[in-house]
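Down below is the structure, laid out as structure tokens.
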Amino acid sequence: MRILVTGGAGYIGSHTLISLLSKEHEICVVDNYVNSSPIALDRVRRLTNHDFEQHDLDIGNGPELSNVFTKFQPEAVIHFAGLKAVGESERDPLLYYHENISGAISLLKAMDACNCRQIVFSSSATVYGEPCYLPYDEKHPLAPINPYGRTKYFIEEIIKDWTKTDNNKKAILLRYFNPVGADNSGEIGEDPDGIPNNLLPFIAQVAVGRLEHLNIFGDDYDTRDGTGIRDYIHVSDLADGHAAAVNYFTKMSGVEIFNLGTGNGISVFEVVEAFKQASGKDIPFHIAPRRNGDLPAYWAESKKANNLLGWSANYTIDDICRDSWHWQSKNQEGYK
Ligand code: NAD
Ligand code: UDP
């Protein structure tokens with residue numbers, strides 16, 4: 001299939017390219033590198049021995065985006081491009097509403113202009129908000145608790161409305177849990193700008209000596225060891241979920257929503273221990289106050305994806321830490 005990938009140079013996008021190219025899909029990447037490096041794309045080419053188109057372009061640039069669509073004539077789009085830092089979205093909500101929502105609208109318009117009617121969208125478990133029950137399934141009520149999460153919720157709704165304008169339009173909304181780890185080559189991985197906000201890249205930078213110690217945000221939650229619990233999914237499993245999703249277009253109509261997670265909750269202490277084992281390094285930590293807006297615990301019910309997409313997560317937390325360490329130790333300064 002000819003697939004246009006927005007944000008393909010990013011963390012999840014670059015891993016997804018590996019999965020798509022290994023299945024012989026024809027790819028065109030659109031990325032403005034606001035949070036990524038084109039080096040990731042060169043490495044994907046080298047790893048897969050496949051070439052693809054690449055455009056340095058902001059998806060908000062409608063005329064240029066339409067030119068790319070007209071030339072490439074994609075049969076489907078996978079839409080990763082967007083801003084994703086929760087804290088930044090609280091400090092500058094308008095930036096997030098503008099970039100993420102206007103970007104999505106610009107993309108859907110370009111799709112309409114060249115009759116491209118299938119989209120996979122990167123949504124997030126953050127759309128669920130405070131758990132009414134766990135694990136979250138796709139029917140769980142939606143109540144995102146920060147502007148970033150609300151952009152995901154609003155874009156889901158916009159895409160649903162878009163599909164209603166034509167019986168042949170199809171959308172798959174993938175709600176990711178916590179994507180972590182790296183391709184097992186150690187050649188591509190997560191490369192956050194500045195001090196990482198997320199647990200795994202933070203631990204990896206402590207292990208490699210770039211940061212002194214980890215702050216564990218709260219050890220007094222009502223969880224089995226007092227620390228926060230999340231569903232950490234290996235990014236290569238997540239990438240395969242996208243390949244499974246594009247295959248599913250032939251079997252569906254309208255909109256389908258899938259959680260992509262492992263179904264298992266892991267605590268912060270458990271992640272630290274697994275990383276210590278995988279890296280052979282000590283991970284010094286301090287117990288810090290709870291982080292504003294953090295939920296104590298959540299994890300996925302992913303049976304719908306298991307049953308309909310024929311997809312499931314295979315990697316364990318030990319595999320995740322091994323691959324994350326491999327990437328970080330091989331690329332101490334990321335792509336720089
Ligand atoms: P990322 O920042 O590594 O990748 C996003 C990519 O989009 C980057 O390459 C960036 O340069 C590009 N981009 C951003 N704005 C753009 C624009 N206006 N035009 C063109 N390109 C643009 O993030 P990621 O972790 O790979 O996440 C990909 C998607 O998945 C995002 O939409 C994110 O919100 C979503 N998501 C991520 C997580 C996570 O924890 N990583 C969890 C749930 C959902
Ligand atoms: N966390 C932590 N220290 C950090 C970053 C995260 O203790 O430096 C905890 C956080 O409180 C949560 C878990 O690790 O319980 C996962 O956080 P992350 O930011 O990776 O993902 P989130 O689920 O919040 O999006």
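Both counts, for ligands and for their atoms, begin at 1 and track the order of listing. Below, each value reflects all heavy atoms present in this structure, side chains not excepted, and no hydrogens, waters or symmetry copies.
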Taking non-hydrogen atoms only, is Leu214 closer than 4.0 angstrom to ligand 2 via side chain, backbone, both or neither?
side chain
Residue and atom name of the nearest protein heavy atom (relative to atom 4 (C) of ligand 2), distance in Å to one decimal
Phe217 CE1, 3.3 Å
Return the closest protein heavy atom for atom 26 (O) of ligand 1 as residue, atom name and distance.
Ile12 N, 2.8 Å
Can you pull out the closest protein heavy atom to atom 12 (C) of ligand 1? Residue, atom name and distance to 0.1 Å, please.
Asp31 OD1, 3.3 Å
Just let me know how Phe269 lines up against ligand 2, side chain, backbone, both or neither, with a heavy-atom cut-off below 4.0 Å.
neither
Can you pull out the closest protein heavy atom to atom 3 (O) of ligand 1? Residue, atom name and distance to 0.1 Å, please.
Tyr11 N, 2.9 Å
Taking only non-hydrogen atoms of Tyr232, do any sit less than 4.0 angstrom from ligand 2?
yes
Under a 4.0 Å heavy-atom limit, does Asn198 contact ligand 2 with its side chain, its backbone, both, or neither?
both
What residue and heavy atom of the protein are closest to atom 15 (O) of ligand 2, and at what distance?
Gly228 CA, 3.6 Å
At under 4.0 Å between heavy atoms, which part of Val268 makes contact with ligand 2: side chain, backbone, both or neither?
side chain
I need the nearest protein heavy-atom contact for atom 23 (O) of ligand 2: residue, atom name and distance, please.
Arg230 NE, 2.6 Å
among protein heavy atoms, the one nearest atom 19 (N) of ligand 1 is Ile59 N, 3.0 Å
Pair Phe258 + Tyr248: ring centers closer than 6.0 Å:
yes
Among all the protein's non-hydrogen atoms, which is closest to atom 22 (P) of ligand 2, and how far away is it?
Asn178 ND2, 3.6 Å
